Amino acid sequence: MLFILAFEAWAFILQLQKYGLKTTEYFFIVVWVAALFAALLLIIKKSNAHIGIVAVVCSLAAITVLPFVGYNALPITAQINRLENLLNNEGMLEEGNLIPAAAEPDKNVRESITDAVSFLAGTNEANLPSWFDRDLQNSNTFKSKMGFDQIWPQPDDFYEGSPGFYMSTSLYREQVAVDVSNYNWAVSFQDYYEKNQDGGITVKGKRGTYDIYWTYTPPDNLPDLKIMLNSRAIIEDELNTYIDKIIEKYPPGNMESSQKVPLDDMSIKFETPEVEAMLVLRDLSISLDTREDRINYWINPDALYIREKQ
């Protein structure tokens with residue numbers, strides 16, 4: 001057992017050195033520490049180890065929700081530091097301002113910057129650096145502000161000697177006008193950090209108060225759209241049907257850049273007895289790690305259009 005844990009720790013350190021601490025790595029540490037203490041207690045106390053194991057697990061669970069060292073705060077801080085170090089080394093961050101690269105950085109640096117930007121842009125954290133624009137996850141904005149295209153690890157880079165383990169679908173919406181003449185409200189997610197105390201965006205209508213929530217579920221960042229009317233959920237969708245349709249139409253592959261797709265593929269319509277709604281997405285990335293059977297989602301909304309029925 002201890003030998004297996006030592007081997008896993010070595011593999012984890014290599015992963016950490018390359019991609020930094022993220023939510024998945026954070027929970028790996030929690031599970032690894034719990035397993036280590038459990039193994040040691042079983043060796044030392046044998047059948048009397050169970051109370052100690054429970055105490056360790058409860059303590060670790062409490063740590064994960066603490067400020068600064070919790071599962072949300074610590075990975076974000078780590079990725080901010082990682083990204084700032086990368087940008088400083090390339091001379092792209094001066095006096096708190098982001099400037100495009102004077103010369104294209106090495107491939108591994110571009111991959112690391114893309115990876116860190118995608119993680120940070122997909123969080124709901126409001127206290128990101130002032131120079132960080134959430135729209136950097138958009139390929140056009142990224143190239144304009146960084147001076148080079150987004151680039152993702154290729155299979156041979158991600159797992160050396162093991163091609164095909166890492167695949168992704170990366171799409172962005174074509175720039176076209178959206179017909180919103182049939183809708184009453186346009187809810188922008190550009191400044192989603194300016195939400196109310198409950199974490200939602202509030203709209204007043206004839207039927208009552210609508211609260212709109214767009215959240216991500218760690219560790220895979222699967223999004224969830226919820227619309228409440230007078231504290232009653234009328235729409236709640238994790239976009240599973242939409243994601244399945246997108247993956248079927250645009251299967252994950254070894255793509256290095258994003259693909260432009262029509263509005264129909266980047267919009268989702270909802271209807272209830274109370275409202276009609278259309279969610280328009282700016283861009284998305286779905287990454288598949290076949291070796292670890294893990295999928296990560298970065299789905300970025302542009303606006304939600306709502307029509308209140310009479």
Side-chain angles (χ1 to χ4, degrees), residues 118 121-124 133-142 169-196 198-217 220-251 258-286 295-310:
S118 294
T123 69
N124 288 327
D133 183 354
R134 288 182 184 275
D135 203 39
L136 281 169
Q137 57 198 333
N138 181 292
S139 58
N140 294 328
T141 304
F142 185 97
T169 293
S170 185
L171 312 174
Y172 68 94
R173 192 188 76 244
E174 63 176 346
Q175 297 299 312
V176 295
V178 180
D179 183 3
V180 296
S181 57
N182 293 327
Y183 297 95
N184 302 114
W185 306 297
V187 179
S188 174
F189 293 94
Q190 181 67 30
D191 297 319
Y192 190 68
Y193 52 86
E194 295 180 358
K195 49 196 176 184
N196 63 30
D198 294 328
I201 299 174
T202 300
V203 176
K204 298 288 186 180
K206 294 180 180 179
R207 291 176 176 266
T209 300
Y210 296 87
D211 291 304
I212 300 148
Y213 301 85
W214 176 266
T215 58
Y216 297 95
T217 303
D220 57 8
N221 286 330
L222 188 67
D224 178 67
L225 173 68
K226 181 188 291 186
I227 301 178
M228 309 282 290
L229 173 57
N230 299 326
S231 301
R232 176 176 60 89
I234 59 173
I235 293 177
E236 187 166 10
D237 198 312
E238 291 185 341
L239 310 190
N240 287 314
T241 301
Y242 168 76
I243 291 170
D244 290 343
K245 182 188 75 172
I246 286 297
I247 291 178
E248 181 179 357
K249 187 170 182 179
Y250 304 99
S258 296
Q259 179 180 354
K260 180 170 68 175
V261 297
L263 174 64
D264 287 346
D265 290 334
M266 297 295 283
S267 60
I268 311 160
K269 293 185 178 180
F270 307 90
E271 184 170 2
T272 73
E274 300 85 5
V275 299
E276 290 182 4
M278 177 173 66
L279 176 66
V280 177
L281 304 177
R282 184 183 300 117
D283 51 54
L284 65 85
S285 178
I286 303 171
I295 302 177
N296 290 317
Y297 305 89
W298 292 273
I299 299 180
N300 309 303
D302 191 5
L304 177 69
Y305 302 95
I306 303 174
R307 181 181 76 84
E308 187 176 40
K309 294 183 178 180
Q310 300 299 322

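The analysis underlying the following values was restricted to heavy atoms, covering all of them including side chains, and did not include hydrogens, waters or symmetry mates. All residue numbers refer to positions in the sequence shown, counting from 1. Predicted model only: the values in this text are computed from it and were never measured.
- In this structure, the side chains of Ile234 and Tyr210 come closer than 4.5 Å at one or more pairs of heavy atoms.
- For Asn221, the side-chain contact (heavy atoms from CB on, under 4.5 Å) test picks out Tyr216, Trp298, with sequence neighbours left out.
- Of the inter-residue distances, the one linking Ile201 atom CD1 with Tyr213 atom OH reads 10.5 Å to the nearest 0.5 angstrom.
- In this view, Ala121 and Phe132, Gln137 satisfy the side-chain contact (heavy atoms from CB on, under 4.5 Å) rule, not counting sequence neighbours.
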N/O donor to acceptor pairs below 3.5 angstrom from side-chain atoms of residues 222-231, sequence neighbours left out:
{"from": "Asn230", "atom 1": "OD1", "to": "Thr209", "atom 2": "N", "distance (Å)": "3.0"}
{"from": "Asn230", "atom 1": "ND2", "to": "Arg207", "atom 2": "O", "distance (Å)": "3.0"}

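- Taking 4.5 Å as the limit, every side-chain heavy atom of Leu284 sits out of range of all side-chain heavy atoms of Tyr250.
- Within a 6.0 Å sphere centred on CD of Glu174, heavy atoms belonging to other residues, nucleotides or ligands number more than 12.
- The backbone N or O of Ser285 lies less than 3.5 Å from no partner atom in the side chain of Asp283, so there is not a single donor-acceptor pair.
- Here the closest non-hydrogen pair linking Leu136 and Phe142 is O-CB, 3.2 Å.
- By the side-chain contact (heavy atoms from CB on, under 4.5 Å) test, Gln175 is found to be paired with no residue, residues two or more places apart in sequence or in another chain being considered.
- Under the salt bridge (charged side-chain N to carboxylate O under 4.0 Å, His left out) criterion, Glu308 pairs with no residue at all, not counting sequence neighbours.
- Taken from CD in Gln259 to OH in Tyr172, the straight-line distance is 9.0 Å, to the nearest 0.5 Å.
- With sequence neighbours excluded, no residue forms a salt bridge (charged side-chain N to carboxylate O under 4.0 Å, His left out) with Lys245.
- The backbone N or O of Thr123 sits less than 3.5 Å from a side-chain atom of Arg134, completing a donor-acceptor pair.
- For Leu263, the side-chain contact (heavy atoms from CB on, under 4.5 Å) partners are Arg173, Val176, Val178, Ser267, Val280, not counting sequence neighbours.
- Contacts of Thr241 classified as side-chain hydrogen bond (donor to acceptor under 3.5 Å, both in side chains), with partners at least two apart in sequence or in another chain: none.
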Donor-acceptor pairs under 3.5 angstrom involving side-chain atoms of residues 270-279: please list them, not counting sequence neighbours.
{"from": "Glu271", "atom 1": "OE2", "to": "Lys309", "atom 2": "NZ", "distance (Å)": "2.8"}
{"from": "Thr272", "atom 1": "OG1", "to": "Glu274", "atom 2": "N", "distance (Å)": "3.1"}
{"from": "Thr272", "atom 1": "OG1", "to": "Glu274", "atom 2": "OE1", "distance (Å)": "2.8"}
{"from": "Thr272", "atom 1": "OG1", "to": "Val275", "atom 2": "N", "distance (Å)": "3.1"}
{"from": "Glu274", "atom 1": "OE2", "to": "Arg232", "atom 2": "NH2", "distance (Å)": "3.2"}
{"from": "Glu276", "atom 1": "OE2", "to": "Arg307", "atom 2": "NH2", "distance (Å)": "3.1"}

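- Side-chain contact between Met266 and Ile246 is absent, with no heavy-atom pair separated by less than 4.5 Å.
- Remark: Lys249 pairs with Asp265 by the side-chain hydrogen bond (donor to acceptor under 3.5 Å, both in side chains) rule, at least two apart or across chains.
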Yes or no on side chain to side chain contact (heavy atoms under 4.5 Å, CB included) for Asn138 and Asn300, after CA distance, side-chain angles and deciding distance? CA-CA 9 Å; Asn138 181 292; Asn300 309 303; over 6 Å; no
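- Scored by the side-chain hydrogen bond (donor to acceptor under 3.5 Å, both in side chains) test, Thr141 finds Asp135 as partners (sequence neighbours excluded).
- Considering only residues two or more places apart in sequence or on other chains, Glu236 meets the side-chain hydrogen bond (donor to acceptor under 3.5 Å, both in side chains) condition with none of them.
- For the atom pair CG of Leu239 and CG of Leu281, the computed distance is 7.5 Å after rounding to the nearest 0.5 Å.
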